[in-house]
Amino acid sequence: MNTIITIGRQFGSGGHEIGDKVAKYFNIPCYDKELLARAAKESGFCEEMIHHHDEKPTKSFLYNLVMDTYSFGYNASSFVDMPISHKVFLAQFDTIKKVASEGPCVIVGRCADYALESFDNCMHLFIYSTEEAKVKRVMDRFNITEGKALEMINKKDKQRQSYYNYYSSKKWGMADTYDLCINSSVLGIDGTVKLITQYVEDFEEKKKAQ
């Protein structure tokens with residue numbers, strides 16, 4: 001097993017649980033919130049600050065400034081004047097590249113597919129679901145009403161979409177951004193995991209044959 005699997009996901013689609021089960025199947029690490037603790041430790045930011053800005057968009061993002069700064073490293077003078085949300089993004093960006101360089105793993109969310117676009121041993125997935133399935137899942141998980149669940153789903157997905165579209169050159173949830181998009185409500189969580197593991201194993205076989 002040598003593949004890094006990134007998973008973008010709609011809120012309530014079961015993306016985290018699917019990622020966790022895929023990682024267990026291949027006996028590799030799964031990074032979701034764990035990335036935040038590591039990014040905090042390696043960047044010097046406090047973990048609370050990393051959590052506060054996690055997958056949340058900023059309204060004043062200057063794409064070229066951040067990318068220029070990133071290409072020249074943290075010593076660039078423009079980094080000093082950069083909003084804290086951008087610095088947090090770059091800290092996560094660095095951490096994603098580090099964990100990927102350490103070996104195969106599953107990384108959930110946080111523009112990981114974009115951060116790792118230069119890696120050729122990656123499989124980029126997106127998990128979505130029907131509104132009905134997402135609402136039920138969120139209602140059960142948080143013990144809230146249907147209305148509250150729908151409100152939470154819409155808010156979270158809007159945040160994730162805005163965050164991804166600000167910080168990457170791709171579009172969140174669009175099929176051509178990923179290698180595979182799966183509706184988790186069709187096969188269920190375990191069925192989706194089975195589909196992904198088969199897909200990854202076939203991908204690895206193809207790579208070996210090349």
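The basis for the numbers below is simple: all heavy atoms, side chains too, and nothing from hydrogens, waters or symmetry mates. Note that the numbering runs from 1 along the sequence shown for the chain.
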With sequence neighbours excluded, residues passing side chain to side chain donor-acceptor pair (under 3.5 Å) with [X]:
{"X": "D140", "value": "K136"}
{"X": "D202", "value": "Q198"}
{"X": "T177", "value": "none"}
{"X": "K24", "value": "D20"}

Inset, instruction - Using the ring pair (Phe, Tyr, Trp, His ring centres under 6.0 Å) rule, take F93 and F89 through it: C-alpha gap first, then chi angles, then the decisive distance, then the call. - result: CA-CA 6 Å; F93 203 85; F89 168 76; 5.4 Å; yes
Side chain [X], main chain [Y], donor-acceptor under 3.5 Å:
{"X": "S168", "Y": "N165", "result": "no"}
{"X": "T95", "Y": "A91", "result": "yes"}
{"X": "E146", "Y": "V135", "result": "no"}
{"X": "Q10", "Y": "S129", "result": "yes"}
{"X": "N121", "Y": "T3", "result": "no"}
{"X": "D179", "Y": "L125", "result": "no"}
{"X": "S162", "Y": "Q159", "result": "no"}

How long is the span from the [atom1] atom in [X] to the [atom2] atom in [Y], to the nearest 0.5 Å?
{"X": "K208", "Y": "N2", "atom1": "NZ", "atom2": "CG", "answer": "9.5 Å"}
{"X": "D176", "Y": "K171", "atom1": "CG", "atom2": "NZ", "answer": "11.0 Å"}
{"X": "R9", "Y": "D32", "atom1": "CZ", "atom2": "CG", "answer": "5.5 Å"}
{"X": "I4", "Y": "E102", "atom1": "CD1", "atom2": "CD", "answer": "10.0 Å"}
{"X": "H16", "Y": "K21", "atom1": "NE2", "atom2": "NZ", "answer": "11.0 Å"}
{"X": "S13", "Y": "I18", "atom1": "OG", "atom2": "CD1", "answer": "6.0 Å"}

Side-chain heavy-atom pair [X], [Y] within 4.5 angstrom cut-off:
{"X": "I144", "Y": "M152", "value": "yes"}
{"X": "I7", "Y": "I107", "value": "no"}
{"X": "Y31", "Y": "V106", "value": "no"}
{"X": "C30", "Y": "V108", "value": "yes"}
{"X": "L116", "Y": "K97", "value": "yes"}
{"X": "R110", "Y": "I96", "value": "yes"}

Verify same cluster id: [X], [Y] (apolar side-chain graph, 4.5 Å):
{"X": "Y167", "Y": "Y164", "value": "no"}
{"X": "I196", "Y": "V186", "value": "yes"}
{"X": "Y114", "Y": "V99", "value": "no"}

Inset, instruction - Using distance alone, with no hydrogens and no angle criterion, decide if E201 and Y25 have a side-chain donor and acceptor under 3.5 Å apart. - result: yes
Inset, instruction - Please indicate whether E132 has more than 12 foreign heavy atoms, meaning atoms of other residues, nucleotides or ligands, lying under 6.0 Å from its CD. - result: no
Inset, instruction - Determine whether more than 12 heavy atoms belonging to other residues, nucleotides or ligands lie under 6.0 Å from atom NZ of K207. - result: yes
So which heavy atom on [X] is nearest to which on [Y], and how close?
{"X": "F119", "Y": "S101", "answer": "CE2-N, 4.2 Å"}
{"X": "M1", "Y": "P104", "answer": "O-CG, 3.5 Å"}
{"X": "T192", "Y": "S184", "answer": "OG1-CA, 3.5 Å"}
{"X": "S185", "Y": "T130", "answer": "OG-CG2, 3.3 Å"}
{"X": "I189", "Y": "G14", "answer": "CD1-CA, 3.9 Å"}

Inset, instruction - Mind jotting down which residue pairs meet the ring pair (Phe, Tyr, Trp, His ring centres under 6.0 Å) criterion with at least one end in residues 120-142? Sequence neighbours excluded, please. - result: F126-W172, F126-Y178
Inset, instruction - Test M139 against K148 for side chain to side chain contact (heavy atoms under 4.5 Å, CB included), laying out the working first. - result: CA-CA 8 Å; M139 283 173 69; K148 287 284 185 189; over 6 Å; no
Inset, instruction - Report the C-alpha distance between L187 and I182 in whole Å, list the side-chain angles of each, state the deciding distance to 0.1 Å, and finish with yes or no for side chain to side chain contact (heavy atoms under 4.5 Å, CB included). - result: CA-CA 9 Å; L187 297 175; I182 309 169; 5.6 Å; no
Inset, instruction - Would you check, one step at a time, whether the test side chain to side chain contact (heavy atoms under 4.5 Å, CB included) holds for K156 with V138? - result: CA-CA 12 Å; K156 288 281 191 183; V138 172; over 6 Å; no
Legend entry - Residue pairs fulfilling salt bridge (Lys or Arg N to Asp or Glu O under 4.0 Å) with at least one residue in residues 115-131, sequence neighbours excluded: none
Inset, instruction - Any chance you could lay out the side chain to side chain contact (heavy atoms under 4.5 Å, CB included) test for K134 and F11, step after step, and finish with the verdict? - result: CA-CA 7 Å; K134 287 187 292 185; F11 189 73; over 6 Å; no
